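Working notes, structure below.
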Amino acid sequence: MHKYIVGLDIGSSNVYGAVGKVDNTGEIRIVGITAVKCDGLKKSVVVDIDSTSRAIKECVKNLERMVDINISNVYVTLPAGVSELIYNKGIVAVASDDKEIKENDVMRVLEAAKLITVPSDKEIIGIVPHQYIVDGYDHIIEPIGMSGMRLEVDAQVVMAQSTIVNNLRKSISRAGININGEVLQQQAISQIVSTSEERRRGIAFIDIGSQVTDISIYKKGNLCYTGMMPLGGDNITNDISICLKIPFIEAEKLKIKYGDLSKKGDNTKIKINTGYNDVKEIELNYLNQIIEARCEEILRYVMDKLKQNNYNDEISGLVIVGGGLALFNGINIFASNILGKSVKIGSPNYMGAASPVYTTVVGIINDIVNTMKISNNLDDLENEVNNDSNIRNNFKKKENKDNFVSKLKEFFNEFF
Ligand SMILES: Nc1ncnc2c1ncn2[C@@H]1O[C@H](COP(=O)(O)OP(=O)(O)OP(=O)(O)O)[C@@H](O)[C@H]1O
Ligand SMILES: [Mg+2]
């Protein structure tokens, strides 16, 4: 199994799983991908550990069958919406006699930045370094190897409710799976559907799922805002169900089959199943008006959030990912008209995984492989991926501006 990297994205409607394989040139191939229905979460939070772990088990079994491997270790995302960012600074004296900055100094300065007051119901789940400062010289991305007396870091410390992350971890371990490491969802998404230049110019990522919409903003290359709204694709289905007086499950089928934001005034008649062994006809136009109304509301809330936080003028465009809105035909023009910005739909650019619903899960694999590439020579990558203990060491070494430095170290101590 150690030739492969397995990612899990546990959402409110589905558990998504993917297996990535890295070839000799360092390119990732997605060799297995699957989605399993899961009703153990409400608004991205685990409310039923047993049913979540059953869905995780099934998802992993599907991947094992697809790729013909045994899976015991996975990488997971921590849900974006439940995390909060706190800016802090860390300062340390460079330890070595020759005053060359070593990995150990970087680890120490990041630990120093984590020294904030953490409420008793929360925990630090990671840290995103924005810039390092060596003897007063700022904007340093990679300080290792530089000479200096004093190393500082400006960073965003990422905190989350302990209960939420622990229940997520419990669901995975109850499925008999070890967590190799955690990736912050915002980081996983941002790296797979945008360029570093776009993140420098300012960009917002809107992950519209079934029950929540997560918003994250990058400015000057750095993650600077993360927020959540309790709205998603299920609200659209619910509206259809209520307006047409049909069961939720029928409304979901109609939404997926006919939902289209590019068609206006289409009075084609479609047949709908009322759930009482009865069929009636409605105009397609009516269905799409219901969908449009809720999409517009969700997008207006997104805009309000951006404005409230004074980020609206600072972003040049938005990327929509997730299944909630991104899969409607015509969504980018529709969203662009409401938001007054360029909008694109973010999908992973990998064969067999090119759907906005897979952005997070493929993003996990991409993030992990990038982390390895930065820590190692590309030639060694295949070996590194083949060997879990090497992966462990990589994460102990690795700190990079574009990567989320999570609780990987603690996990490694726990699991190996
Ligand atoms: N073809 C489609 N057209 C429109 N909506 C779709 C389509 N396929 C799936 N959806 C909707 O996408 C939503 C699921 O999206 P996604 O899988 O991103 O959510 P999730 O990650 O499980 O949940 P969350 O992110 O809210 O925790 C559902 O509301 C579903 O109805
Ligand atoms: Mg999701």
Side-chain angles (χ1 to χ4, degrees), residues 7-18 33-48 51-52 55-56 59 76-83 164 167-168 171 183-186 188-189 192-193 205-216 226-241 247-263 287-288 290-292 294-295 298 301-302 319-332 334-335 345-348 353-364:
L8 283 187
D9 164 28
I10 301 162
S12 311
S13 70
N14 286 294
V15 174
Y16 293 99
I33 197 149
T34 188
V36 169
K37 284 253 156 279
C38 173
D39 51 17
L41 283 88
K42 289 277 168 286
K43 302 194 189 305
S44 275
V45 173
V46 174
V47 292
D48 181 344
S51 88
T52 308
I56 293 169
C59 179
V76 292
T77 46
L78 295 171
V82 300
S83 55
I164 295 177
N167 286 339
L168 191 67
S171 307
V183 176
L184 189 66
Q185 193 171 6
Q186 298 92 320
I189 292 173
I192 202 139
V193 292
F205 300 93
I206 318 296
D207 179 3
I208 307 172
S210 56
Q211 298 181 1
V212 298
T213 294
D214 296 319
I215 304 171
S216 46
T226 179
M228 191 261 263
M229 301 177 331
L231 286 172
D234 281 3
N235 297 86
I236 301 172
T237 310
N238 222 16
D239 293 348
I240 298 171
S241 162
F248 187 90
I249 192 158
E250 291 301 326
E252 178 76 6
K253 283 185 205 157
L254 278 185
K255 178 181 86 168
I256 290 175
K257 186 163 180 194
Y258 296 109
D260 192 328
L261 296 168
S262 68
K263 283 188 185 159
L287 174 70
N288 280 324
I290 301 170
I291 295 173
E292 257 186 51
R294 184 61 88 163
C295 288
I298 294 174
Y301 273 121
V302 168
V319 187
I320 299 180
V321 300
L325 258 63
L327 289 161
F328 288 118
N329 197 20
I331 178 66
N332 38 359
F334 183 84
I345 304 306
S347 282
S355 163
V357 296
Y358 293 137
T359 307
T360 300
V361 74
V362 176
I364 300 171

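Indexing begins at 1, ligand by ligand and atom by atom, following the structure's order. This one's a predicted model, so the numbers in the text were calculated from it and none came from an experiment.
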Next on the checklist: Looking only at protein heavy atoms, which one is nearest to atom 24 (P) of ligand 1, and what is the separation?
Outcome noted: Ser12 OG, 3.5 Å
Item to check | For atom 21 (O) of ligand 1, closest protein heavy-atom neighbour | outcome: Gly11 CA, 3.7 Å
Item to check | Closest approach of any protein heavy atom to atom 25 (O) of ligand 1, naming residue and atom | outcome: Gly209 CA, 3.5 Å
Next on the checklist: Using a 4.0 Å cut-off to any heavy atom of Lys255, which atoms of ligand 1 qualify?
Outcome noted: 5 (N), 11 (C), 29 (O), 30 (C), 31 (O)
Checklist entry - Is a side-chain N or O of Asp234 found less than 3.5 angstrom from the main chain of Gln211, in a donor-acceptor match? => result no
Checklist entry - What atoms of ligand 1 come closer than 4.0 angstrom to any heavy atom of Asp234? => result 29 (O)
Item to check | Nearest protein heavy atom with distance in Å, relative to atom 19 (O) of ligand 1 | outcome: Ser210 N, 3.1 Å
Item to check | Which of the ligand 1 atoms, numbered from 1, are nearer than 4.0 Å to a heavy atom of Ser44 | outcome: 27 (O)
Checklist entry - How many angstroms lie between atom CG of Leu41 and atom CG of Asp48, to the nearest 0.5 angstrom? => result 9.0 Å
Checklist entry - Purely on distance, is any nitrogen or oxygen of Val212 under 3.5 Å from one on ligand 1? => result yes
Checklist outcome for this item: Which of Leu325, Ile331, Asn288, Asn332 passes side-chain contact (heavy atoms from CB on, under 4.5 Å) with Leu261? It is Ile331
Next on the checklist: Looking at ligand 1, would Gly232 count as a contact under a 4.0 Å heavy-atom criterion?
Outcome noted: no
Checklist entry - Among protein heavy atoms, which lies nearest atom 8 (N) of ligand 1, and at what distance? => result Leu327 CD1, 3.4 Å
Next on the checklist: Would Gln211 count as a polar contact of ligand 1, with the cut-off being nitrogen or oxygen pairs under 3.5 Å?
Outcome noted: yes
Checklist outcome for this item: For Gly322, the atoms of ligand 1 under 4.0 Å from one of its heavy atoms are 18 (O)
Checklist entry - Taking atom CD1 of Ile256 as the centre, does the number of heavy atoms from other residues, nucleotides or ligands within less than 6.0 Å exceed 12? => result yes
Checklist entry - Which residue holds the protein heavy atom closest to atom 17 (O) of ligand 1, what is that atom called, and what is the gap in Å? => result Tyr16 OH, 2.4 Å
Checklist entry - At what distance, to the nearest 0.5 angstrom, does CZ of Arg294 lie from CG of Asn235? => result 4.5 Å
Checklist entry - Counting only heavy atoms, which portion of Glu252 has something under 4.0 Å from ligand 1: side chain, backbone, both, or neither? => result side chain
Item to check | Separation of Lys263 NZ from Ile291 CD1 (nearest 0.5 Å) | outcome: 11.5 Å
Item to check | Which residue and heavy atom of the protein sit nearest atom 10 (N) of ligand 1, plus the separation | outcome: Gly323 O, 3.4 Å
Item to check | Asp9 N/O under 3.5 Å from ligand 1 N/O | outcome: no
Next on the checklist: Could you tell me, atom by atom, which parts of ligand 1 come under 4.0 Å of a heavy atom of Ser13?
Outcome noted: 14 (C), 17 (O), 19 (O), 20 (P), 22 (O), 23 (O)
Item to check | Interatomic spacing from CD1 in Ile164 to CG in Leu78 - rounded to 0.5 Å | outcome: 11.0 Å
Checklist entry - Does Gly259 have a non-hydrogen atom less than 4.0 Å from ligand 1? => result no
